[in-house]
Amino acid sequence: MRRLLTGNAAAAWGARLARADYVPAFPITPQTEIIELLAQWFGSGELRGRLTLLESEHSMLTAAAAAAATGVRVFTATSSQGLLYAMEMLYAVPGWRAPFVLVNVSRGLASPITLESDHNDVLAARDSGFLQFHCASCQEVVDSVLLAYRLAEDPRVRLPALVNLDGFHLSFTREPVDLPTAEAAAAFLPPFESQGIEFRAGRPVSQAVAVLGGSAYSYFRYETHLAAEQALQAHGAIAAEFAQRFGRRHDAVERYRSDDAEIAFFMIGAFATKAMDAVDRLREAGIAAGLVRPRLLRPYPAAALQRALAGKRAVAVIDQNLSVGKGGVLHGELASVLYGQPDAPLLASYIGGLGGRDISAGEFFQIARELQDAVLARRVPPPRLLYTAGELRQMRNLQAIAAGERGMPEARA
Amino acid sequence: MYRIRLHGRGGQGIKTGSRILGSAFFGAGFEVQDAPVYGAERRGAAMSAHVRAARTPIRERGVITRPDLVALVDETLLQVPAANVLLGVDAASVLLLQGNGDAETWRARLALSGTVVVLPAAGERAEAELGGARCAGAAARLAGVISRPQLIAAIAQELASLGPVATATTTAQALAAYDAVAPHAGVLRESRPAAATAFAAPEWIDLPLESARVAAPAIFAAATSVEVRTGLWRTMRPEIDYARCNRCAWICSTLCPDSAIRVRADRSPEIDLEHCKGCMICVSVCPPQAIRALPERAARARELAAAP
Ligand code: SF4
Ligand code: SF4
């Protein structure tokens, strides 16, 4: 049945439909609603299992992985600074090879402190070994949680998975969501077959052992990498089955009107739907634009991206993140798989939407215009931060106050 | 697509109002997106909520910058620049305003060329907490595509967890507003998205590198939060009955989240109304129930009447 749900509620429904046995939790804006809803359902008996409040995200993630290592189905959620606080364990637990799902509600990182979304938090987990799903709608949130369990629990994969949704723009935004029935969800995602992942007091197992010497270390690390790469194939089959059961395709790479496009936007997250809207308007204006959006960022769907972008004249990567001293993370990643490809497009870099800053329709149109110019000039413009003169004027007003406070001459007007 | 922005203060039911309106559109067969926008503040702070409804899937997101309707629950927000109530309001937009005065006066005062509809203020409680629901009821009628039963069903759905009394009160208020604006039914029109052919190029600039002394997010003065008059956010005012207060000298003053209660030398508490946000925590924690809650409007009216 279709109903209006926020992204947070959709995430909680994902955990409910997956019949999570155990949810270690810790509150943080804008994620808290997820665990509030789950707590309500555990309390009312609609969910059987246990939700436990831990004293920090570090403990929460440790508890999640430890529970997963006993063979039960585990769900947990966090955001931003919370994810960073858990970072030590975030990198440690994938090596345990025990699957579970972590939802991250993206929120910009300090400093300065903020509440609204960008993707630097989740990208800090990029190299951890968690599989990464990125959602652009509330529907995708609930679907991705189910897909994430299937993929994470696949015996060839056995890695934890992270499902990302944007704070505010999805977390607090209601959209129509077609919720699978409990039966349909259970048919797609049967009970977790732990196949040897178990805990018996009489048969102790030591997990996460230490190894000395780079050789053993290399073996274990690279096995994790191979499992993540394998997940790409497994995902294809799982997404196809999902589409067959539910009528919704969630391929590793979404191509929106991009097959016959000459220029394309490339981005992840909720703002990608704004890019779709811009694509429609540009098409109405006779401009062959499209959108290419990786849903799966780890494993990186390199071959699918190469195929999707081959023959495009120019692509604008819009990064809602900033690698300080380098630039947009997705731009660098995409460049690395397109380099040397025959028929590779020109690649322009835009940084936009930091800390939830809006990206206007006019800005998408202007980016498209710059791509068209780049095609003619056979050269892309330098990387650009989406930031206007009006925004700088506002900043100047604040700086004038700060300068006054310090009794110092004003910042350049 | 209908693009509707609701403005009010935390505690006036703005989010609830946006959800009622969203569910009502959904019930009427529309695709819907509704979302509140607020910062870190609590009750009383300016906030907005954004409702989009269309016949096709909605891909726009975030703040509505070209509203077809702005519904304003609390006209005092017009004085708060950060609330940005009139953002994008033009000749084609409708402004729905809950308050006193007539539409022509508001049009002149705000220098608006579009339609202004005034929703007469209701009783005090309705205004404090049900403003969002009232505006949702009125907006539903202005759109002219939502029936009474659809509005009633939407309220029942959104308020189910609050019980039958809250549902009945809210329904009565929303329906009163639905009826009050009947002469303007259908005045709200769907608008098309901006075309990619004629758009104003964004005034992008290259951000200059500046000295770290300038470019670090620091505040160089002490006690700056005093400058933020959070007292303006209040919809309810706490009032201490000193005859009942037993001078415990710590409970209300410690638990006030804004440190707006100071304890005088004689152990009696004093509320700093410049900064009290009206969260009503002190009202609920005082053991002898010496603090009562008064609608801010009534308290101000009383002050005006008492002024020489
Ligand atoms: S909590 Fe009540 S009794 Fe204690 S100081 Fe405040 S008003 Fe007086
Ligand atoms: S004085 Fe009372 S109502 Fe005002 S902010 Fe403090 S606790 Fe809240």
Side-chain angles (χ1 to χ4, degrees), chain A residues 2-4 6 29 111-113 115 137 166 168-170 172-176 270-278 280-287 289 356 358-366 368-369 382 384-392 399 401-408 411-412, chain B residues 1 15 18-19 22-23 25-27 30-40 49-52 56-66 154 157-158 161 192-208 210-211 213-222 224 227:
Chain A
R2 283 181 101 227
R3 61 170 93 178
L4 292 175
T6 60
T29 299
S111 286
I113 295 172
L115 292 176
S137 68
D166 291 82
F168 288 78
H169 289 296
L170 288 183
F172 299 154
T173 298
R174 290 201 314 176
E175 294 175 346
F271 277 4
T273 65
K274 297 176 71 130
M276 291 163 82
D277 222 22
D280 288 350
R281 303 288 87 73
L282 288 161
R283 290 272 176 170
E284 283 163 14
I287 297 162
D358 193 29
I359 302 178
S360 69
E363 289 185 313
F364 282 107
F365 301 155
Q366 180 68 19
R369 185 178 281 172
R384 148 137 346 263
L385 171 72
L386 302 188
Y387 193 85
T388 62
E391 291 177 276
L392 186 60
Q399 286 174 326
I401 296 170
E405 285 165 352
R406 278 192 294 183
M408 108 180 212
R412 276 186 332 128
Chain B
M1 187 187 304
K15 179 173 160 186
S18 70
R19 288 191 164 193
S23 283
F25 270 116
F26 194 58
F30 284 80
E31 293 294 306
V32 169
Q33 180 197 79
D34 61 56
V37 173
Y38 40 76
H50 304 252
V51 181
R52 294 179 169 94
T56 50
I58 296 171
R59 285 158 176 166
E60 292 182 9
R61 291 192 178 282
V63 168
I64 291 173
T65 50
R66 297 169 59 242
Q157 193 182 323
E158 293 305 326
S161 62
R192 292 186 48 76
T197 36
F199 67 97
E203 257 191 278
W204 286 336
I205 46 148
D206 293 326
L207 203 56
E210 296 180 334
S211 126
R213 240 165 83 78
V214 172
I219 294 174
F220 298 93
T224 50
E227 309 279 336

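Here is how names work: the chains are called A, B, and so on, in the same order as the sequence lines, proteins then strands, and each is numbered from 1. Computation of the quantities below employed the complete heavy-atom set of this structure, encompassing side-chain atoms and omitting hydrogens, waters and symmetry-equivalent molecules.
- The number of heavy atoms from other shown groups lying within 6.0 Å of CG (Leu207(B)) is above 12.
- In terms of heavy-atom proximity, Gly362(A) sits nearest to Pro202(B) at O-CD, 3.8 Å.
- In this structure, Arg174(A) pairs ionically with Glu158(B), as a charged nitrogen and a carboxylate oxygen lie closer than 4.0 Å.
- Ile58(B) contributes atom CD1, which lies 10.0 Å from atom CG of Asp277(A) (distance to the nearest 0.5 angstrom).
- Side chains of Thr173(A) and Arg61(B): a donor-acceptor N/O pair is absent below 3.5 angstrom, by distance only.
- If you measure heavy-atom distances from Ser137(A) to chain B, the contacts under 4.5 Å come from both the backbone and the side chain.
- For a residue to count as touching a neighbouring chain, one of its non-hydrogen atoms must lie under 4.5 Å from one of that chain's; by this rule Leu115(A) touches chain B with the side chain only.
- Across Ile287(A), Ile401(A), Thr6(A), Leu386(A), the residue that shares the most heavy-atom pairs under 4.5 angstrom with chain B is Leu386(A).
- Glu363(A) is linked by a side-chain hydrogen bond (donor to acceptor under 3.5 Å, both in side chains) to Arg357(A), Trp204(B), counting only residues two or more places apart in sequence or in another chain.
- A 4.5 Å side-chain heavy-atom check between Tyr387(A) and Ile205(B) finds at least one atom pair inside the cut-off.
- Residues passing the side-chain hydrogen bond (donor to acceptor under 3.5 Å, both in side chains) test with Gln366(A), sequence neighbours excluded: none.
- Within the 4.5 Å cutoff, side-chain heavy atoms of Phe199(B) are placed close to those of Arg369(A).
- Minimum interatomic distance between Pro193(B) and Arg281(A) (heavy atoms only, all atoms of both residues): CG-NH1, 3.4 Å.
- Using a 4.5 Å cut-off between heavy atoms, Ala221(B) contacts chain A through both its backbone and its side chain.
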side-chain contact (heavy atoms from CB on, under 4.5 Å) for His169(A) and Val37(B)? Distances and angles first, verdict last.
CA-CA 9 Å; His169(A) 289 296; Val37(B) 173; over 6 Å; no
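- Separation of atoms CG (Leu282(A)) and OG1 (Thr197(B)) is listed at 10.0 Å; rounding is to 0.5 Å.
- At a 4.5 Å heavy-atom cutoff, the contact between Phe172(A) and chain B is made by backbone and side-chain atoms alike.
- Using a 4.5 Å cut-off between heavy atoms, Leu170(A) contacts chain B through its side chain alone, with no backbone atom that close.
- When all heavy atoms are compared, the tightest approach of Gln399(A) to Val214(B) is NE2-CG1, 3.3 Å.
- Ranked by heavy-atom pairs shorter than 4.5 Å toward chain B, the options Ala278(A), Pro382(A), Ala270(A), Ala285(A) are led by Ala270(A).
- In this structure, Leu4(A) and Ser23(B) have side chains that are in contact, with non-hydrogen atoms separated by less than 4.5 Å.
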Between Glu31(B) and Arg2(A), does the side-chain contact (heavy atoms from CB on, under 4.5 Å) criterion hold? Intermediate values first, please.
CA-CA 11 Å; Glu31(B) 293 294 306; Arg2(A) 283 181 101 227; 2.9 Å; yes
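- Salt-bridge check for Glu175(A) with Arg52(B): failed, with every basic side-chain N at 4.0 Å or more from each acidic carboxylate O.
- Interface residue Ala389(A): backbone and side-chain heavy atoms are both found under 4.5 Å from chain B.
- With a 4.5 Å cut-off on non-hydrogen atoms, Arg66(B) does not touch chain A at all.
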